[in-house]
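The block underneath contains the structure these notes are about, expressed in structure tokens.
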Amino acid sequence: MLNIVLFGPPGAGKGTQSAKLIEKYQLVHISTGDLFRMHISNDTSLGQQVKQILANGLLVPDSITIDMLEEEVQKNPEAKGFIFDGFPRTVAQAEALDAFLEGKGQKINGVVQLDVDQEEIKTRIAERQKVSGRADDDAEKLLKRIDEYFSKTIHVLPYYAEQGKVVQVNGIGEIETIFTNICSAIDAF
Ligand code: AMP
């Protein structure tokens, strides 16, 4: 099993790189953001519960997020491994994921941190908003999401760094170059 966390601020390119990685490594991609958006567009009870939270750029409570994530992993018993994208975003989520994987005799092999500065993120998300129409990509909500990343999510890194699992990859440049660098990191996990 190869379990990877793709870590980085909103707009770092996690979605783009995940799509390429699942093809190369035959992993299952789990994006908690995509899952929440799917629940919202299907108007499920979970979707109704989190709709406003996403619209405001805030983090969904850990218990809801962890339950959804674990359920998604359980749906893929044949998986060769997973790419976790947008999860974990809090230390509590990281601890829950470790405990959950341990119970299955598995672990996180490594964490790829896509490094992109705040100015670049804002430019990219403004561009994405023009095509995606994602409500949480507008300027005010974006600031909130960036704030959530730098006030809460960033603390997940030391948790994994203490385990010697974090590799930093420059997230600015050609998509192919970034992909090659991520693959080198993964191949060394
Ligand atoms: P993303 O597409 O990863 O940027 O996620 C979009 C939104 O979904 C975030 O702004 C949060 O509201 C919510 N979300 C996604 N993943 C998580 C998570 N691991 N913990 C809490 N909220 C999350």
Side-chain angles (χ1 to χ4, degrees), residues 3-22 28-74 82-101 108 111-118 120-160 166 171 182:
N3 295 311
I4 294 159
V5 173
L6 198 51
F7 197 88
K14 299 189 296 293
T16 305
Q17 295 296 337
S18 291
K20 295 172 73 65
L21 289 168
I22 52 170
V28 173
H29 176 219
I30 300 188
S31 155
T32 41
D34 284 352
L35 289 172
F36 285 132
R37 283 184 288 277
M38 193 191 69
H39 277 282
I40 291 169
S41 64
N42 292 341
D43 201 27
T44 65
S45 65
L46 174 60
Q48 290 170 8
Q49 234 180 315
V50 303
K51 189 173 180 172
Q52 216 41 52
I53 301 176
L54 264 82
N56 290 325
L58 298 170
L59 291 186
V60 173
D62 284 334
S63 60
I64 297 177
T65 309
I66 291 163
D67 285 353
M68 180 181 74
L69 185 282
E70 293 185 356
E71 196 181 302
E72 201 59 27
V73 170
Q74 301 290 28
F82 294 90
I83 295 186
F84 298 105
D85 163 1
F87 184 96
R89 267 174 152 99
T90 64
V91 173
Q93 291 179 12
E95 287 170 347
L97 180 60
D98 271 355
F100 174 65
L101 290 177
I108 291 295
V111 177
V112 175
Q113 182 202 355
L114 272 178
D115 196 23
V116 180
D117 63 67
Q118 292 208 31
E120 172 78 12
I121 294 164
K122 287 178 192 165
T123 313
R124 286 186 189 182
I125 297 208
E127 284 302 312
R128 182 168 82 186
Q129 220 273 329
K130 286 185 202 155
V131 287
S132 76
R134 264 178 63 170
D136 58 350
D137 277 350
D138 80 37
E140 189 192 333
K141 304 295 156 40
L142 168 62
L143 287 179
K144 192 68 221 161
R145 287 168 64 213
I146 293 176
D147 187 50
E148 290 285 79
Y149 177 80
F150 286 100
S151 65
K152 295 181 186 152
T153 306
I154 201 80
H155 300 300
V156 172
L157 275 180
Y159 174 83
Y160 286 118
V166 180
I182 294 176

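Order of listing sets the numbers, starting from 1, for every ligand and every atom in it. We number each residue from 1, following the sequence as shown.
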Q: For the pair Y159 and D98, evaluate side-chain contact (heavy atoms from CB on, under 4.5 Å) and give the outcome as yes or no after the intermediate values.
A: CA-CA 11 Å; Y159 174 83; D98 271 355; 2.7 Å; yes

Q: From the options I83, I108, V156, V166, select the one residue that forms a side-chain contact (heavy atoms from CB on, under 4.5 Å) with V5.
A: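 Checked I83, I108, V156, V166 against V5; only one passes side-chain contact (heavy atoms from CB on, under 4.5 Å): I108.
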
(Q) According to ring pair (Phe, Tyr, Trp, His ring centres under 6.0 Å), who are the partners of F82, at least two apart in sequence or on a separate chain? (A)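 F82: ring pair (Phe, Tyr, Trp, His ring centres under 6.0 Å) contacts with F84.
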
Q) How would you list all residue pairs meeting salt bridge (Lys or Arg N to Asp or Glu O under 4.0 Å) that involve residues 28-52, not counting sequence neighbours? A)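 For residues 28-52, and leaving out neighbouring residues, the salt bridge (Lys or Arg N to Asp or Glu O under 4.0 Å) pairs sorted by first residue read D34-R37.
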
Q: Provide the full list of salt bridge (Lys or Arg N to Asp or Glu O under 4.0 Å) pairs with a residue in residues 57-70, sequence neighbours left out, each pair given once.
A: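 Qualifying pairs, neighbours excluded: none.
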
(Q) I'd like the residue list for ligand 1, meaning every protein residue with a non-hydrogen atom under 4.0 Å from the ligand. (A)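 Within 4.0 Å of ligand 1, the protein residues are T32, G33, F36, R37, L54, L58, L59, V60, T65, G86, F87, R89, Q93, R134, D136, R145.
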
(Q) Using side-chain contact (heavy atoms from CB on, under 4.5 Å), reason through V116 and R124 one step at a time and then give a plain yes or no. (A) CA-CA 10 Å; V116 180; R124 286 186 189 182; 4.1 Å; yes

